[in-house]
Amino acid sequence: MAGTVSRPATDFIRSIIAEDLKAGKNQGRVVTRFPPEPNGFLHIGHAKSICLNFGIAAENEGGICHLRFDDTNPSKEEAEYAESIMADIRWLGFDWADHLYYASDYFEKLYQYAVRLIKDGKAYVCDLNADEIRECRGTLTEPGKESPFRTRSVEENLDLFERMRAGEYEDGSRVLRAKIDMASPNMNMRDPVIYRILHVPHHRTGDKWCIYPMYDFTHCLSDSIEGITHSLCSLEFEDHRPLYDWVLDELNVDCHPQQIEFARLNLTYTVMSKRKLLELVEQGLVKGWDDPRMSTISGLRRRGYTPESIRNFCERIGVAKRDSMVDMALLEHCVREDLNKRAPRVMGVLRPLKVVIDNYPEDLVEELEAINNPEDPGMGTRKVPFSRVLYIEQEDFREDPPKKFFRLAPGREVRLRYAYFIRCVDVVKDEQTGEIVELHCTYDPETKGGSAPDGRKVKATLHWVSAPHSIRAEARLYDHLLVKADPSDEKDDADFKACLNSNSLEVLKTCRVEPSLKNAEPGSRYQFERLGYFCVDSVDSFEESLVFNRTVSLRDTWARIEKALKK
RNA sequence: UGGGGGAUAGUAUAGUGGUAAUACGACGGGUUCUGGCCCCGUUAUCCAAGGUUCGAAUCCUUGUCCCCCAGCCA
C-alpha cells in the first residue's frame, strides 16, 4: 500500500478531491478516515469503504487514512469487536500506521466543546424524558414544539451539565441538546440530543464517564480534531451534514472537514446489515460471524476469498450516489480470476465412484507427472500415483448418456487427466438398490500421459484419484445464503429469514483427494480440477481429517447445457 | 400536503452539448489433456413528455418512480 499511485479521478469523490487539491485547499493535504463502531464484525460493505478511504490516501502524495473507532455507545460496544476489525483491515492489506484513534480519547475535549456551546447559548440541558422529547419533535410535516427547558440560563445549564457528568442524575432523566430550530424541515436540526446519561462502563474509559456524546456531536469534532480533510460516509448521513457543519461552525474550529456521501454496497443473495448478520449468528442460523456463508470479511476469508480479489471487486463496483445492488456473480468472478492465476491444481473426487482397470497390473503403481498450474509454469509439476483401482466423480459417468454428455458411459472412451485413455466395459450395480457401485474399464497403455499415438481423440478428460493412495477428506459446499437475489422486494424486510436458502451448506464426508494434499496448510487454497476452488478450513481441518471449503465452483458449462436440455 | 438524495443495457460504473464506453452476466461461436482459462461475436438511444440548439444522456420546463429522515443508535 505504500507509495503514491497517480491515477485519474475515477469517481465523483476522487474528482472532488482532485479539484480541491488543484484549488490548493487543505494545504494540499488529503486525510481520510475509516470510522467503524466496534459493535460487530466488518462485512464486504465495510470493505468498500475501507478500500475507498485507504485507497484515496494511498493515491495521493502524503495522503493518510486514520482508523478511528467510533466508540460513543458503551452499551453496545466491546473490545473484542475492535480487535476483529483491526485484524480484518490488516488482512485486507491496509495499514493505518500510527494513526489509530478512538473517539473515546476525545471525551474530555468533547465535553469542553459542549461547555463552550452552552456558554454561547447554543446548547441546553433538557429535563424531558425520551417519550416527551419524541412527542415534541413534531412529524415530517409538522414542526416540533420547543422544550420548556430551552430558555434556561447559561449558568443553570452549566451547573446542570456539570452535575450530569458528576453522576447526580439517573439514566434518561436529562440530556444536553443543541439549540437549533424546532421548526426545521430537517428533523436532525430540531434541537438534537448531543449528550445522554448512561451509567455504563466503557470498554476503554471504564467508569470515568456516565455521560456520553452522541454521534452527530462526536463525529464531526473527531474529524476536526484529527485534521481530516474529506469525511466520507454513506447516503443516510446526507441529512446529517447540516448538523455536522452547524457544530463545527458554531464552535468555530480551525479544521472543518468536508463530508461527502456515497451509496453503500448491496449484494445479491445475501444480507449486509450488522443487525441481520447478528441475528443470523445469535439465532444459530449460521455457525458464527466467520461462517463461510456470511458476507463478513472473516466469513469470506474462511471461505477462501483472497484480499486481492476483494480489493479488486471494490475497485470494479465503483463509487456513486445511486442505490444499487451488485451482482454476487461479480464477486465470484473476482475470486476466480485471482485464484486461477495463483491456486495450485490438484485432483480430488467429491462423490467417489470406484473404477477398476481390468487390464492394469495388480501391483503396479506409476507416478505420473501433473502440472501444478497451467497459468503459471513457474509453479512446476508434481507426481500423482496411478494404480489399478481408482475413484472418479459419480457425475462423470452416465449409464444412459444424454445428448452432449461427453463423459464416461458404457463402451465409451475418455481420458484420465495426465494418465491414460480408458474405456468402460462393465457396470456393476447393487442388486437391491440398482445403484451403480463400480465400473470396470480397460486402459490403453499407448496413451500414457494422455495422448494417443494414433491421433484418436476423446471428448472428455476426467479427474481421478488412485484408490489406495488417496486420502479421505470432507468438503463443505456452499451456496447463496438467500434464495432471493433481493430480499428487500419481499413484502416485509424483517422477514429476510424466510428467504434463507436451506441448501446453503452441503457437507460431503466421503471425498477422496490426491496424496500431495496430506500436509495442506489450514487456509491454503487449491483448484480441484474441473470442480472449483477450495480452501483448507482454518478451524476444523487437521492433518488426519482434512476439511475443504469450496470457495467458488468453476464456471460449469455442462451444468448450463444440461439445464437447458431439461427444458 | 415537510426536507434531503437518486434515475444510462439483466447488474454495476463511464460519458458533463457532437453520432452511448467498460466490466460482470446471458446467449452464440472458436480453442483446449480442466465442458476451466483464453479468444471472437450478439445484447441500451440514456425514467417520461415538452422545449432550447445545426446537434442533448448531457442545458431548461413539467411530470413519474425509487431511496433516506420523526433513537437519549451509528
Side-chain angles (χ1 to χ4, degrees), chain A residues 10-11 35-37 39 70-73 75-77 126 128-130 133-135 137-144 171-177 183-190 192-198 211-212 214-216 218-219 233-242 261 263 268 274-275 313 316-334 336-337 340-341 345 347 371 374-375 404-407 415-419 421 447 449-451 457-463 485 527-532 553-562 564:
Chain A
T10 52
D11 57 66
E37 182 187 10
N39 69 343
D70 223 333
D71 55 350
T72 57
N73 186 355
S75 61
K76 289 187 178 178
E77 297 153 6
C126 180
L128 260 25
N129 64 37
I133 287 182
R134 188 182 319 117
E135 281 161 25
R137 189 151 27 221
T139 68
L140 295 178
T141 52
E142 298 159 325
D171 287 5
S173 60
R174 277 173 233 265
V175 291
L176 183 69
R177 292 228 252 168
S184 171
N186 181 343
M187 301 293 286
N188 295 303
M189 302 298 269
R190 320 245 261 227
V193 171
I194 57 176
Y195 264 91
R196 78 286 218 185
I197 301 171
L198 235 41
I211 57 173
Y212 293 95
M214 299 286 289
Y215 166 85
D216 285 308
T218 308
H219 203 88
C233 62
S234 44
L235 250 30
E236 67 269 28
F237 292 101
E238 220 150 15
D239 289 348
H240 293 245
R241 182 160 19 103
E261 311 83 11
T268 56
K274 278 190 196 172
R275 198 208 89 224
F313 169 76
R316 292 203 199 194
I317 57 177
V319 180
K321 298 196 73 160
R322 180 191 343 174
D323 289 307
S324 59
M325 173 73 66
V326 174
D327 196 333
M328 178 68 90
L330 180 60
L331 216 209
E332 295 176 341
H333 167 81
C334 290
R336 286 197 187 103
E337 183 180 59
N340 177 48
K341 280 180 268 171
R345 271 57 170 174
M347 289 195 285
I371 296 166
E375 303 291 321
K404 293 190 182 174
F405 182 88
F406 301 147
R407 282 110 96 144
R415 170 169 40 233
L416 292 181
R417 178 133 235 228
Y418 301 124
F421 285 10
T447 58
S451 55
K457 302 285 185 196
V458 288
K459 297 190 86 171
T461 300
L462 310 187
H463 60 278
Q527 183 198 98
F528 283 17
E529 293 215 34
R530 304 210 305 133
L531 296 175
S553 67
L554 252 29
R555 265 182 99 238
D556 191 348
T557 306
W558 164 242
R560 258 195 292 264
I561 293 170
E562 197 178 27

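Here the structure is a predicted model, which is why all the values come from computation and not from measurement. Proteins come first, then strands; the chains are lettered A, B, ... in the order of their sequence lines, and each starts at number 1.
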Side-chain atoms of A:Asp556 come closest, of B:A74, B:G35, B:U34, to B:G35
Side chain of A:Leu330, heavy atoms from C-beta onward: which of B:G2, B:C24, B:G36 has the nearest atom to it? B:C24
Please classify the nucleic acid contact of A:Asp171 as base, sugar-phosphate, or nothing, using heavy-atom distances under 4.0 Å. nothing
From the set B:G35, B:C69, B:G71, return the single nucleotide nearest to any side-chain atom of A:Phe405. B:G35
Is there a side-chain contact (heavy atoms from CB on, under 4.5 Å) between A:Asn73 and A:Leu198 once you walk through the steps? CA-CA 9 Å; A:Asn73 186 355; A:Leu198 235 41; 4.0 Å; yes
Phosphate-side-chain proximity, A:Arg275 and B:C73, N/O vs OP1/OP2 below 4.0 Å: no
Got a list of protein N/O to nucleotides 38-47 of chain B N/O distances below 3.5 Å?
none

Qualifying residue for side-chain contact (heavy atoms from CB on, under 4.5 Å) with A:Leu128, from A:Arg134, A:Arg174, A:Arg177: A:Arg177
Looking across every strand, which nucleic acid part, if any, lies under 4.0 Å from A:Lys404 by heavy atom: base, sugar-phosphate, or nothing? base
Syn or anti for B:G15 (syn when the glycosidic angle lies within 90° of 0): anti
When you measure from the side-chain N and O atoms of A:Arg134 to the phosphate of B:G71, is any distance below 4.0 Å, counting only OP1 and OP2? yes
Are the ring of A:Tyr215 and the six-membered base ring of B:A74 within the stacking cut-offs of under 5.5 Å and under 30°? no
About how many Å separate NZ of A:Lys321 and CD of A:Glu238, when rounded to the nearest 0.5 Å? 3.5 Å
Any base atoms under 4.0 Å from A:Tyr195, or only sugar-phosphate, or nothing? Heavy atoms, all strands. nothing
With a non-hydrogen cut-off below 4.0 angstrom, is A:Arg415 in contact with a base, only sugar-phosphate, or nothing? base
What nucleic acid atoms does A:Val458 come within less than 4.0 Å of, heavy atoms only: base, sugar-phosphate, or nothing? nothing
Out of curiosity, A:Leu176 CG to A:Met214 CE, how far, rounded to the nearest 0.5 Å? 11.5 Å
By the 4.0 Å heavy-atom rule, please label A:Leu128 as base, sugar-phosphate, or nothing. base
Strictly under 4.0 angstrom, non-hydrogen atoms only: write out the protein contact profile of nucleotides 3-10 of chain B, one letter per nucleotide from the 5' end, B, S or -. BSSS-B--
For A:Thr461 and A:Arg417, which I'm curious about, is there any donor-acceptor pair between the side chains at under 3.5 Å? no
Side-chain N or O of A:Arg530 less than 4.0 angstrom from OP1 or OP2 on B:G35? yes
Mind checking if A:Ala130 touches a base, just sugar-phosphate, or nothing, with heavy atoms under 4.0 Å? base
So A:Tyr215 and A:His240, would you call those rings parallel, tilted or perpendicular, with 30° and 60° as cut-offs? perpendicular
With sugar-phosphate meaning primed atoms plus P, OP1 and OP2, does A:Arg190 contact a base, only sugar-phosphate, or nothing at under 4.0 Å between heavy atoms? nothing
Judged by nearest nucleotide, the residue sitting upstream toward the 5' end of RNA chain B, A:Ala329 or A:Gly172, is A:Ala329
Rounded to the nearest 0.5 Å, what separates atom CD1 in A:Ile371 from atom OH in A:Tyr418? 4.5 Å
Heavy atoms only, 4.0 Å cut-off, all strands: where does A:Gln527 land among base, sugar-phosphate and nothing? base
Using a 4.0 Å heavy-atom cut-off, does A:Pro36 contact any base of the nucleic acid, only the sugar-phosphate backbone, or nothing at all? nothing
Under a 3.5 Å limit for both distances, which nucleotide forms a Watson-Crick or G-U wobble pair with B:G71, could you say? none
Check whether the side chain of A:Arg555 and the base of B:G35 form a donor-acceptor pair under 3.5 Å. no
Which part of the nucleic acid, if any, lies within reach of A:Thr72 when heavy atoms closer than 4.0 Å are counted: base, sugar-phosphate only, or nothing? sugar-phosphate
Students often get this wrong, so: under 4.0 angstrom with heavy atoms, is A:Ser324 touching a base, only sugar-phosphate, or nothing? sugar-phosphate
Which nucleotide, B:U34, B:U13, B:C69, lies nearest any side-chain atom of A:Ala320? B:U13
Touch check for A:Ile317, heavy atoms < 4.0 angstrom, all strands: base, sugar-phosphate only, or nothing? sugar-phosphate
